[in-house]
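First up is the structure itself, then whatever we jot down about it.
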Amino acid sequence: MKLKSMQATFGRLDRKKLDLQPGLNVISGGNETGKTTWAEFLTAMLYGVDTRARGKGAELPVKTKYEPWNGSPMEGRIEVEWQGRSVVLERTSALTPLGTLRASDAATGLPVPELTAASCGEALTGVTEPVFQRSALLRQRGAAISSDPELEKRLSGLVTAGSEDYAYGEVADKLKKLQNALQYNQSGILPRLRSEIGEIDQTLDKAADLRKRQNNLLGEIRTRQAEEAELARINAALERRERARLRRAAADSRQRLSEAQSERETLAAACEKLPDAETLESLQAKVRQLEKTVQTAKMEDSMSPVEFPDEPERNPFRHYIHMTPDEIKTEDERFEASLRQVREAETMPKLWKLSLRSLAGMLLGLLPILCGCYFRDRLNELHPALFWVLFGLGCAVILGVTIWHFRTANRITRAKKAAFEILQKFGCESADQLHARAAELRREIDGYRAARADAEETAAGRKLRDDELREKTDVLLGELALRGAVCPTLEDAEAWIQDGLRSRQDLERATRTERQRAEQYSLLKEHEGEGEAEEELNEELNAYDPAMIRDRLSRSREAIIPLRSEADRLAGSLQQLGDPLRLEAEREEKQARLARLDQRYAAMQLARKELARADETLRERFAPLLCKKAGELFYRLTEGKYDRVTLDRAMRVTVHSTDSTTDRSLSYLSGGTVDQLYLALRLAICDLLLPDCPIILDDALVYFDDERLRVALEVLRELGRQRQILLFTCTDREKRMLDASR
């Protein structure tokens with residue numbers, strides 16, 4: 001799990017947001033800026049707020065201490081990366097503070113059902129809140145390792161088969177309590193049982209004396225019981241008739257049992273080729289999950305269909321759409337050349353200015369001719385050829401100016417015409433407007449190309465997703481086909497699985513019915529078989545009225561009341577003492593229980609000894625794992641001064657100095673060194689128990705000197721390559737050291 005951001009309305013935090021990065025995050029701030037509040041907020045978001053917690057002394061419970069200062073209810077939002085996806089956790093306060101949790105996928109907004117308000121923290125971190133508090137959450141002067149049954153189970157699980165059900169302290173305490181419950185000095189179950197057995201022996205002796213006197217009296221009564229015996233014979237006959245009725249009920253019960261067995265066998269034959277109910281439920285879950293995924297994909301396609309942009313038809317750069325980057329570069333160079341041509345055309349002179357320049361040149365060429373004509377006589381005196389030289393020079397200048405004029409005018413006209421065609425193509429009037437228009441048209445083409453690329457990428461992704469869904473569907477339907485199902489679609493597969501589950505449920509119902517009828521038959525089975533002929537039995541009993549027989553039997557007993565009054569008194573005394581058989585049974589039961597408890601007491605003594613020995617063996621196996629890792633970290637944090645760490649059953653720690661031959665307890669160490677030791681132990685526990693859980697350090701390095709702080713930051717930076725670390729600090733030493741070491 002990696003934290004991406006946190007937003008809280010918690011204590012002094014009023015909708016504050018904290019963005020986090022993978023690796024080591026250093027969050028610095030002065031006192032009372034909310035560093036500890038952020039740490040408590042993260043714990044509350046993961047595990048909720050214990051509303052049953054009460055304050056201890058000056059320490060307030062979380063629900064009271066971090067009640068929002070702005071008067072709003074507690075609420076928060078964190079975004080985490082978990083199992084390859086981004087998940088948003090939002091807690092609000094309805095009936096209890098932060099008691100309502102909503103977990104959803106950040107990309108799709110779909111709920112994450114496996115993350116609930118009760119199980120969210122353990123699902124994300126892999127441990128319960130007590131283990132998280134004693135391992136991944138380090139506070140200033142609160143980093144000591146304390147004994148906790150849950151933490152002890154987790155540490156023991158490192159060297160067992162992964163079980164976390166064992167905690168020596170819990171089991172040893174339970175055994176001791178059970179042993180004390182059996183016998184503690186002269187109190188407990190065993191002394192009480194011995195006393196009860198003595199009381200029962202006294203009661204049995206008194207009952208034997210009373211029974212002897214009662215038997216002597218009953219001998220006198222037997223002679224007067226002839227009539228009662230006859231009535232008893234008739235009553236026995238009536239009982240035989242009742243047994244006949246029970247035989248009929250037993251036969252009927254056997255018939256119903258046979259019918260139930262036939263129904264169960266028929267249903268069992270129908271379900272013979274079907275998978276078991278657990279397999280069918282697993283297949284049903286797969287089918288429903290795949291159907292849900294397909295429906296989600298269809299809904300996504302319908303809600304956000306892939307739309308390809310319309311290709312710009314009137315854009316002069318339209319031919320860029322299907323060009324490669326090299327071809328586009330060549331076309332851009334051509335356009336830049338055209339733009340330069342337009343700019344050059346704009347800088348060329350107007351034709352009337354050119355004409356003025358040409359006229360000035362012709363006048364300049366005409367000047368030598370006029371001078372020659374005006375001074376011809378004098379020139380001839382000097383030399384006859386000077387006139388013709390001046391005349392030829394003027395004609396040459398006029399001819400040159402004329403040629404230059406027409407060539408330049410032709411070049412300007414062609415350039416102006418080409419520039420006009422370029423500007424007309426783009427609907428512009430100047431080079432600057434052409435440059436802006438071209439940039440706008442290129443942005444339109446680039447936007448179209450980007451939109452088309454995005455649409456093609458989205459379409460390709462959805463095609464790949466649809467192909468994967470079809471492949472998963474084919475695999476699942478193939479799995480059903482191997483189990484004998486012919487299901488061309490997921491709907492058919494769902495129907496086939498539902499039919500199979502109904503058949504399995506019918507078979508289970510028929511099995512229960514058969515079991516119930518078998519139990520009913522077992523109660524009546526002893527009455528089944530041959531008995532007295534019901535016809536003869538009925539003829540004998542038809543002459544008697546059962547009520548009359550009971551009345552005569554009652555009057556016969558009343559006739560011997562004077563003789564039995566004493567017997568009744570003795571019977572009353574015996575009844576007060578209790579049933580002798582029951583007392584004997586109770587005595588035997590208590591004797592047997594006493595023997596069992598004596599044996600159990602001895603077994604508990606032996607179990608406590610063996611448990612202590614087994615626990616010591618187990619600790620010898622898991623303690624080196626923790627101590628070795630902690631020792632390596634402590635060696636680095638103290639720059640080689642201490643090279644070994646030892647942890648005993650009560651979580652007491654001793655260390656070994658490289659310049660000493662004996663181990664030292666924590667009382668010999670400075671406060672900063674103790675903090676470094678506990679930091680090493682916490683990091684070792686997190687490495688062994690919480691490989692993917694962030695570590696939160698709340699001013700845990702405040703007592704480190706500069707050199708050991710530098711080493712600690714190097715260790716944390718290295719650990720940050722495998723896990724996320726949040727370091728809250730009230731100074732800026734850590735940031736300065738980290739920046740300086742980069």
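Nothing fancy with the numbering, it's 1 onward along the sequence. Side-chain atoms are counted along with the backbone in the values below, which use heavy atoms only and exclude waters and symmetry mates. Keep in mind it's a predicted model, so treat the numbers as computed, not measured.
Crowding of Q722 atom CD: a count of heavy atoms from other residues, nucleotides or ligands under 6.0 Å exceeding 12. Remark: E67 CD is loosely packed, at most 12 non-hydrogen atoms of other residues, nucleotides or ligands lying under 6.0 Å away. The number of heavy-atom neighbours closer than 6.0 Å to CD of E278, taken from other residues, nucleotides and ligands shown, is 12 or below. Heavy atoms of other residues, nucleotides or ligands lying less than 6.0 angstrom from CG of L95 number 12 at most.
R102 and T92 share no side-chain donor-acceptor pair at under 3.5 Å. Side-chain contact check for S304 and R462: at least one donor-acceptor pair (N or O, by modelled atom type) lies under 3.5 Å. Looking only at atom types and distance, the side chain of E734 has a donor-acceptor partner in the side chain of T731 under 3.5 Å away. Side chains of T43 and E129: no donor on one and acceptor on the other come within 3.5 Å.
In this structure, OG1 on T36 lies 3.5 Å from CG on D698, to the nearest 0.5 angstrom.
No donor-acceptor pair under 3.5 Å is formed between the side chain of R15 and the backbone N or O of L13. Listed for the R708 side chain is no donor-acceptor partner under 3.5 Å among the backbone atoms of Q676. In this structure, R717 contributes its side chain and L738 its backbone to a donor-acceptor pair below 3.5 Å. Using a distance-only test at 3.5 Å, with no hydrogens or angles considered, a donor-acceptor pair links the side chain of R723 to the main chain of C693. The backbone N or O of M74 lies less than 3.5 Å from a partner atom in the side chain of S93, making a donor-acceptor pair. Judged by distance alone, with hydrogens and angles left aside, the side-chain atoms of N25 form no donor-acceptor pair with the main-chain N or O of L726 at under 3.5 Å. Between the side chain of K63 and the backbone N or O of T51, at least one donor-acceptor pair lies under 3.5 Å. R682 places no side-chain N or O within 3.5 Å of a backbone atom of L697 that could act as its donor or acceptor partner. In terms of modelled atom types and a separation under 3.5 Å, the side chain of S302 and the main chain of K298 share a donor-acceptor contact. With hydrogens and angles disregarded, a donor-acceptor distance shorter than 3.5 Å links the side chain of R12 to the backbone of E32.
The pair E81-K2 does not count as a salt bridge, with every side-chain nitrogen at least 4.0 angstrom from each carboxylate oxygen. A salt bridge links E494 with R288: at least one charged nitrogen is closer than 4.0 Å to a carboxylate oxygen. In summary, R636 and E632 do not engage in a salt bridge, as defined by a charged side-chain N under 4.0 Å from a carboxylate O.
Annotation: side chain of S86 is in contact with side chain of E79 (closest heavy-atom distance under 4.5 Å). With contacts defined as side-chain heavy-atom distances shorter than 4.5 Å, the pair V655/T638 does not qualify. Within the 4.5 Å cutoff, the side chain of E479 has no heavy atoms near those of the V475 side chain. Here the side chains of K65 and E59 are in contact, with some heavy-atom distance below 4.5 Å. Residues T37 and F10 meet the side-chain proximity criterion, which asks for heavy atoms closer than 4.5 Å. Taking the side chain as every heavy atom from C-beta outward, L677 and V645 approach each other to under 4.5 Å. Using a 4.5 Å cut-off on side-chain heavy atoms (C-beta onward), E300 and R465 make contact.
Between L701 and the choices D675, T729, L713, the side-chain contact (heavy atoms from CB on, under 4.5 Å) rule is met once, by L713.
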Residue pair D467, K463: steps toward the salt bridge (Lys or Arg N to Asp or Glu O under 4.0 Å) verdict: CA-CA 6 Å; D467 293 339; K463 182 178 182 301; 3.3 Å; yes
Criterion side chain to side chain contact (heavy atoms under 4.5 Å, CB included) on E40 and R139, from CA distance to verdict: CA-CA 10 Å; E40 291 293 347; R139 300 182 177 89; 2.8 Å; yes
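Between Y47 and F132, the ring planes are tilted. Angles from 30° to 60° get that label.
For E707, the salt bridge (Lys or Arg N to Asp or Glu O under 4.0 Å) test picks out R710, with sequence neighbours left out.
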